[in-house]
Engineer: 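Got a structure for you, written out below as C-alpha cells; questions coming shortly.
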Amino acid sequence: MTTGVRSTCPYCGVGCGIVATPDGKGGAAVEGDHDHPANQGRLCSKGAALGETLSLEDRLLHPEIDGQRVSWEVALDTVAEGLRQTIEAHGPEAVAFYVSGQLLTEDYYAANKLIKGFLGTANIDTNSRLCMASSVAGHKRAFGSDTVPGLYEDFERADLVVLVGSNLAWCHPVLFQRLEAARRVRPSMKVVVVDPRRTETCDIADLHLALKPGSDVALFNVLLASLAERGMADRRFVEQHTSGLGDALDAARATDAAACGLPPADLATFLDLFARTEKVVTLYSQGVNQSSAGVDKVNALINCHLLTGRIGRPGMGPFSITGQPNAMGGREVGALSNALAAHMDFGPVEIDRVARFWGAPHMATKPGLKAVDLFEAVRAGRIKAVWIMATNPVASLPDADAVREALRGCELSIVSEAIRASDTVDTCRIRLPALAWAEKDGTVTNSERGISRQRPFLPPPGEAKQDWWILAEVARRLGHGEAFAWRGVADIFREHAALSGFENAGTRDFDIGACASIDDAAYQALQPFVWGRAADRRFFGDGAFFHADRRARFIATMPRAPVNAPDEERPLILNTGRVRDQWHTMTRTGKSVRLAGHRPEPMIEVHPRDASVRGLVDGDIAEVRSGWGRGVLRVHVTDSVSLGQAFAPMHWTAQLSRAGRINAAVNPAVDPLSGQPELKHTPVEIRRVDMHWHGTILARRPIMLPEISYWVRIRGAGYHAYVVAGDQPFAVAQRTLSAAVRTTNPGPWLDGDNGVGAVVSDGRVEAVMALGSTYQADARDRFAPFMALNRLTTEQRDALLHGGTDMHRGGELCACFGISCGAVEAAIADGATSLAAIGATTQAGTNCGSCRPEIRALLRAARHVRAA
Ligand SMILES: Nc1nc2c(c(=O)[nH]1)N[C@H]1C(S)=C(S)[C@@H](COP(=O)(O)OP(=O)(O)OC[C@H]3O[C@@H](n4cnc5c(=O)[nH]c(N)nc54)[C@H](O)[C@@H]3O)O[C@H]1N2
Ligand SMILES: Nc1nc2c(c(=O)[nH]1)N[C@H]1C(S)=C(S)[C@@H](COP(=O)(O)OP(=O)(O)OC[C@H]3O[C@@H](n4cnc5c(=O)[nH]c(N)nc54)[C@H](O)[C@@H]3O)O[C@H]1N2
Ligand code: SF4
Ligand SMILES: [Mo]
C-alpha cells in the first residue's frame with residue numbers, strides 16, 4: 001500500500017502516473033504508479049529523475065518589476081492597469097498572450113477565457129503551434145474535428161506500427177517500452193521507422209526508410225496509389241463515410257516515388273507490408289508536424305487509413321502522438337489563436353454560444369495571430385503588451401534572436417515563470433512567480449485523451465501562485481470578478497466540463513459534460529479516464545465523422561519542397577529535435593545530475609563525408625550558420641545522419657552555453673495552413689572554429705567566466721562543471737580562467753601535469769581545472785570522483801594532479817545508475833553477450849530501460865568486431 005501522493009509526470013504526452021512521497025526536507029521520492037493505465041508503473045529516465053529537480057535554488061519566488069521585488073498587489077495592479085491602458089489606447093488587438101501545453105487544463109482554460117471573452121481578442125497562441133498545430137489542422141480537414149481516433153493499446157494490438165518522424169525511444173520512452181514488450185510476446189509484429197535520420201527508435205525497426213527530408217507527402221501518396229491499385233480499398237467504408245477520393249487519387253497517381261530518395265526495394269517492402277496488414281497504426285510526430293507541408297503530410301497519411309477503412313478499430317488508425325503533458329488539454333480548452341473553446345471554432349453560432357456561456361462582454365469574433373506572426377507583430381510594435389506563461393520562446397521559437405529583440409522592445413512584457421532566470425525571463429519587465437509541478441493542482445490530458453490529476457505534494461514556496469489564480473486576480477482588477485470567482489481548480493474544471501457539454505448533443509467530439517456536476521471530493525479523488533464516444537472510447541470505427549455531412553474527407557495533397565532550399569552557400573540541411581535525457585530548454589532536467597551525463601554538450605551531428613570535406617573531426621567546435629543566425633556547437637561525426645544533413649538538439653540556451661541556442665539559426669518558415677514552423681529544415685553551412693585551447697573545470701561554487709568562444713555549464717553532484725574552449729593565447733586563458741576559478745573558490749592553487757591545476761583547501765578539492773591544446777572528452781568524468789571526497793589522501797591528490805584512472809571513459813549511458821559506456825564495453829569485453837548479462841554485471845538498463853537501445857547497439861557493434 002503506497003502512502004504517497006498520486007500525480008502525473010510533467011514531461012511528455014504519454015502522461016505517466018507517478019507516486020510522490022515527500023521526504024519532509026523539500027524533496028520527494030518519485031516512483032511509477034502501477035495503477036495508472038498509461039504506464040502501469042513504468043517510468044523513463046526523465047520521470048525517474050524527477051525527484052532531483054525539486055530544489056528551490058533557482059526558483060522565482062517573488063513578483064518583480066524592472067528587476068525590483070514588488071508585492072503581489074503592485075504587480076497585479078500594474079499588469080491590469082497596463083492591459084487596460086493598452087486596450088484603451090490601441091484596441092484589444094494590441095494585447096497578446098503566449099501560453100503553453102505545460103499549463104494545467106484549469107490554468108489554460110482561465111487564460112483562454114480571459115483574453116477571448118473579456119479582453120476581446122483571440123491573440124492568444126500556445127507553444128502547441130510549434131508542436132501540434134499541423135495535426136490539429138489535418139484532423140479538422142479530414143474528420144471535421146480535431147480528434148485523435150485511437151488508444152495506446154492499439155500500438156500493442158497492431159500487426160504493423162509505422163513510426164513517421166517520431167523518435168519514440170527517446171521522446172515517448174514508456175510507449176516505446178510498451179511496444180517493445182508487445183513485440184516480445186508477438187514477434188510477428190512489424191515496425192517501420194520513417195525518418196531521414198537513423199535514431200535509437202530504429203533499434204526495434206524491421207525496416208528504416210531514411211527518406212529525403214520533407215518528402216513524406218510523396219511517400220504516402222505513393223502508398224495511397226499502390227493500395228488502390230492492389231484493390232485494398234474498403235469500398236463500403238469509402239462509399240458510405242468519405243468523399244474526395246477521386247482527386248486525392250489523381251494527385252497520388254501523379255506523384256513520383258523518386259522524390260523520396262529511397263532504395264526501390266525498401267519502398268516495395270513497405271508498400272507490401274502496409275497493403276497486406278490490416279491492423280496498422282501510423283504513429284507520427286514532429287518529423288510530420290514541424291514542416292512547411294505539415295498539414296499535407298498529416299492528410300496524406302490519414303488518406304491511406306481512410307481508403308482501407310483502418311481507423312478507429314482495435315489495432316488500427318492514424319495516431320498523432322502529442323509532445324507536452326497537456327498538449328491535448330490545450331486543444332480541449334481551445335487556446336490556439338484560431339480555435340475558440342471546447343473544440344469549437346470561430347463560426348457565428350459557436351461565437352454566440354461561448355459568449356452566452358461565459359457571459360462575455362467583449363467576445364473575440366475572429367482568429368488571432370499565430371505564434372511566429374504574433375512575435376513579429378510584437379517586434380513591429382503592433383502588439384504592445386504580451387504575457388508569456390510556461391514557455392520559453394526566446395529559446396524555442398525559430399529565428400530566436402528576432403524574438404528576443406521583439407521582447408526587449410516591447411512596452412509591457414509580462415512573464416509568469418517558475419524559475420528566476422531564463423532566456424525569456426531575462427528579457428521581460430514584469431515577472432510573476434508561478435507554482436511548479438510539485439506544488440500545482442489540476443488536470444492534464446495525454447495523447448490518448450486520458451485525463452489525469454496532477455496533485456500537489458510540496459507546499460507552495462515563497463510567494464509563488466498557480467497560474468489560474470494570477471489570471472483571475474487580473475480579471476477581477478479589470479472588472480470581471482464575477483466570471484472569475486473560482487474558489488479553486490475544481491470550480492474551473494466543472495465549468496470547463498459544462499462548456500464541453502453545452503448545446504453539444506453529439507455535434508462535438510469533446511464532451512465531458514458528465515463531469516460538470518462532480519463535487520470537490522470526487523474531483524480530488526478523480527481516477528484517470530479516457531474520454532471518447534463509442535463503448536470502447538475510440539472514434540470513427542462506425543464512420544461517424546464531424547463534417548456537416550458526417551463524411552470524412554480525402555485531401556488531394558501535392559508534394560512540395562521545403563520553403564528554404566539548400567544552395568551553394570548553405571548546402572547542408574539542419575534538422576533539430578531532442579535527446580533522451582533533456583526536456584526542452586532544460587529548466588528542469590538541467591537540474592538533475594544523472595540526466596546530465598548522456599549528452600552533456602550542445603552538439604551538431606554531421607555525416608563523415610560532410611565532416612571530412614570541411615576538415616572537421618569528432619570533438620571539434622563548429623559554427624553552424626544560416627541566413628538567420630548562428631550557433632556554436634561540439635561536432636559529433638556519425639553516419640546516423642545522411643550525407644548533406646546535420647542534426648542539432650533544441651535544448652541548450654544562453655543560460656547553459658555560450659551559443660548552443662540553435663534556434664538563433666533556425667528558419668521561421670511556416671506551414672501555410674497551420675502556421676507551424678519548419679523546425680526540421682534550415683539550410684546551413686558548418687565551419688570549424690579554430691580553438692587554441694580546450695579545458696574542463698569542476699568547481700564547488702559557480703564561476704563568472706571571462707569572455708570566451710565556447711563554454712557549457714553542466715550539473716555535477718555538489719559542483720558545477722564547465723567545458724570551455726577559446727582562441728586567446730594559452731597563457732592568457734590559463735591566467736584569466738584560474739583567476740576566475742579562485743575568485744569564487746578560494747584556497748591554495750596546486751599545479752599538476754598536463755595542464756591540470758586545482759584549489760585544494762583543508763585537503764578538499766574546491767576546484768580543479770585542466771587546460772590543454774586538445775579536447776579531453778573524459779576530463780569531467782575523470783575528475784568527478786575526486787569532488788565526492790571530503791579529504792584527499794596523498795595518493796588521491798597525486799592521482800588528481802598527475803593522472804587518474806580511466807574507468808569512466810566514453811560518457812554516461814545509463815542515467816539511473818550512472819553507468820558509463822566504458823563500463824558497459826568492459827562488461828562486453830569480459831564476455832557479456834546480452835542485455836540481461838550486462839544488467840547483471842553493471843546494473844545498466846535494469847531500471848527505467850531508456851538506455852536499452854544504446855546497450856543493444858554496443859552489443860551489436862561488438863558482434864561486428866568479433867565477426868570481422
Ligand atoms: N527526451 C525528451 N522527450 C520529449 C521532449 C523532450 O524535450 N525531450 N519533448 C516532448 C515534446 S513537446 C514533443 S513535441 C515530442 C517530440 O517527439 P518527436 O517528434 O519524436 O521528436 P523530435 O526529435 O522532435 O523529432 C522526431 C524526428 O523527426 C525526424 N524528421 C526530421 N525531418 C523529417 C522529415 O522530413 N520526415 C520525417 N518522417 N521525419 C523527419 C527527426 O530526424 C527526428 O528524429 O517529444 C516529447 N518528448
Ligand atoms: N529547433 C527546434 N525548436 C523547437 C522544437 C524543435 O523540435 N526544434 N520543438 C518545439 C516544440 S514541439 C515545443 S513543445 C517547444 C517547447 O519549448 P518551450 O515551451 O519554450 O520549452 P520549455 O523549456 O518546456 O518551457 C517551459 C517554461 O515554463 C516554465 N514552467 C514550468 N512549469 C510552469 C508552470 O506551471 N507555470 C509557469 N508559468 N511556468 C512554468 C519552465 O520553467 C520553462 O521555462 O519547443 C519548440 N521548439
Ligand atoms: S515517458 Fe517518461 S517523460 Fe513521458 S510521461 Fe512517462 S515518465 Fe514522463
Ligand atoms: Mo512539443
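All ligand and atom numbering here is 1-based and tracks the order in the structure.
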Engineer: With Ser292, which of Glu678, His681, Gln676 fulfils side-chain hydrogen bond (donor to acceptor under 3.5 Å, both in side chains)?
Structural biologist: Glu678
Engineer: When the ring centroid of Trp437 is compared with that of Phe457, is the distance short of 6.0 Å?
Structural biologist: yes
Engineer: Around atom 19 (O) of ligand 2, find the nearest protein heavy atom and jot down its residue, atom name and distance.
Structural biologist: Asn127 ND2, 2.7 Å
Engineer: Regarding Arg594 and Asp581, does a basic nitrogen lie under 4.0 Å from an acidic carboxylate oxygen?
Structural biologist: no
Engineer: Looking at ligand 2, does any of its N/O atoms fall within less than 3.5 Å of an N/O of Gln102?
Structural biologist: yes
Engineer: Under 3.5 Å, is there a donor-acceptor pair between the Gln454 and Thr8 side chains?
Structural biologist: no
Engineer: At a non-hydrogen distance cut-off of under 4.0 Å, which region of Gln324 contacts ligand 2 (side chain, backbone, both, or neither)?
Structural biologist: side chain
Engineer: Please find the pair of heavy atoms, one from Pro456 and one from Val5, that lie closest to each other, and give the distance.
Structural biologist: O-CG1, 3.8 Å
Engineer: Could you find the nearest protein heavy atom to atom 42 (O) of ligand 2 and give me its residue, atom name and distance?
Structural biologist: Glu417 OE1, 2.9 Å
Engineer: Should the pair His139 and Tyr284 be assigned to parallel (<30°), tilted (30 to 60°) or perpendicular (>60°) ring geometry?
Structural biologist: perpendicular
Engineer: Which bit of Leu435 is near ligand 2, meaning a heavy atom under 4.0 Å away: side chain, backbone, both or neither?
Structural biologist: backbone
Engineer: For Leu633 and Gly660, work out which heavy atoms get closest and say how close.
Structural biologist: CD2-CA, 3.6 Å
Engineer: Give the contacting part of Trp437 toward ligand 2: side chain, backbone, both or neither, where contact means a heavy-atom distance below 4.0 Å.
Structural biologist: neither
Engineer: My understanding is that we take every heavy atom of each candidate and find the minimum distance to atom 15 (C) of ligand 2. Doing that for Ser128, Ala436, Ser396, which one comes out nearest?
Structural biologist: Ser396
Engineer: Verify the distance criterion only: is there a donor paired with an acceptor across the side chains of Arg661 and Gln655 at less than 3.5 Å?
Structural biologist: no
Engineer: Give the atoms of ligand 2, by number and element, whose distance to some non-hydrogen atom of Asn392 is under 4.0 Å.
Structural biologist: 18 (P), 20 (O), 25 (O)
Engineer: Considering distance alone, does some N or O of Ser100 sit under 3.5 Å from an N or O of ligand 2?
Structural biologist: no
Engineer: Specify the protein heavy atom at minimum distance from atom 21 (O) of ligand 2: its residue, its atom name, and the distance to 0.1 Å.
Structural biologist: His584 CB, 3.4 Å
Engineer: What residue and heavy atom of the protein are closest to atom 10 (C) of ligand 2, and at what distance?
Structural biologist: Gln290 NE2, 3.4 Å
Engineer: By number and element, which atoms of ligand 2 are closer than 4.0 Å to a non-hydrogen atom of Asp467?
Structural biologist: 34 (C), 35 (O), 36 (N), 37 (C), 38 (N)
Engineer: Between Arg59 and Glu439, is the closest basic N to carboxylate O distance under 4.0 Å?
Structural biologist: yes
Engineer: For Ile573 versus Pro566, what's the shortest heavy-atom pair and its separation?
Structural biologist: CG1-CG, 3.9 Å
Engineer: Which of these, Pro10, Gly13, Ala395, Ala390, has its nearest heavy atom closest to atom 37 (C) of ligand 2?
Structural biologist: Ala390
Engineer: Between Lys591 and Asp58, is the closest basic N to carboxylate O distance under 4.0 Å?
Structural biologist: yes
Engineer: For atom 32 (N) of ligand 2, is some protein heavy-atom partner under 4.0 Å away?
Structural biologist: no
Engineer: Between Ser422 and ligand 2, does any nitrogen or oxygen pair lie at a separation below 3.5 Å?
Structural biologist: no
Engineer: Number of protein N/O/S atoms less than 2.8 Å from atom 6 (Fe) of ligand 3?
Structural biologist: 1
Engineer: For Cys131, counting its heavy atoms only, list the atoms of ligand 2 lying under 4.0 Å from any of them.
Structural biologist: 12 (S), 14 (S)
Engineer: Asn663 to ligand 2: N or O pair under 3.5 Å?
Structural biologist: yes
Engineer: Search all heavy atoms of Ser626 against all heavy atoms of Arg570 and return the closest pair with its distance.
Structural biologist: C-NE, 3.4 Å
Engineer: Please report the C-alpha distance between Tyr98 and Asn127 in whole Å, then the side-chain angles of each, then the deciding distance to 0.1 Å, and finally whether the side chain to side chain contact (heavy atoms under 4.5 Å, CB included) criterion is met.
Structural biologist: CA-CA 7 Å; Tyr98 185 59; Asn127 65 357; 3.6 Å; yes
Engineer: Show every donor-acceptor pair shorter than 3.5 Å between a side-chain atom in residues 385-400 and any protein atom, with sequence neighbours excluded, or say none if there are none.
Structural biologist:
unit_1: Trp387; atom_1: NE1; unit_2: Ser416; atom_2: OG; d: 2.9
unit_1: Asn392; atom_1: OD1; unit_2: Thr424; atom_2: N; d: 3.2
unit_1: Asn392; atom_1: OD1; unit_2: Thr424; atom_2: OG1; d: 2.6
unit_1: Asn392; atom_1: ND2; unit_2: Thr585; atom_2: OG1; d: 3.0
unit_1: Ser396; atom_1: OG; unit_2: Asn392; atom_2: O; d: 3.1

Engineer: Using a heavy-atom cut-off of under 4.0 Å, does the side chain or the backbone of Thr585 touch ligand 2, or both, or neither?
Structural biologist: both
Engineer: Which residue holds the protein heavy atom closest to atom 8 (N) of ligand 2, what is that atom called, and what is the gap in Å?
Structural biologist: Thr576 OG1, 2.9 Å
Engineer: Could you tell me whether the side chains of Gln466 and Asp441 share a donor-acceptor contact shorter than 3.5 Å?
Structural biologist: no
Engineer: Which residue holds the protein heavy atom closest to atom 35 (O) of ligand 2, what is that atom called, and what is the gap in Å?
Structural biologist: Lys440 NZ, 2.9 Å
Engineer: If the cut-off is 4.0 Å to any non-hydrogen atom of Ser416, which atoms of ligand 2 fall inside it?
Structural biologist: 37 (C), 38 (N), 39 (N)
Engineer: Hey, which atoms in ligand 2 end up nearer than 4.0 Å to a heavy atom of Ala434?
Structural biologist: 36 (N), 37 (C), 38 (N)
Engineer: Output the list of atoms in ligand 2 that are nearer than 4.0 Å to some heavy atom of Lys680, sorted by atom number.
Structural biologist: 7 (O)
Engineer: Does Arg578 have a non-hydrogen atom less than 4.0 Å from ligand 2?
Structural biologist: yes
Engineer: Considering the options Val444, Val174, Ile18, which one meets the side-chain contact (heavy atoms from CB on, under 4.5 Å) requirement together with Cys9?
Structural biologist: Ile18
Engineer: Closest heavy-atom contact between Ser320 and Met132?
Structural biologist: OG-CE, 3.2 Å
Engineer: What do we get for Thr391 next to ligand 2 when only non-hydrogen atoms under 4.0 Å count, side chain, backbone, both or neither?
Structural biologist: both
Engineer: Fit a plane to each ring of Phe319 and Tyr152, take the angle between them on a 0 to 90° scale, and name the class: parallel (under 30°), tilted (30 to 60°) or perpendicular (over 60°).
Structural biologist: tilted
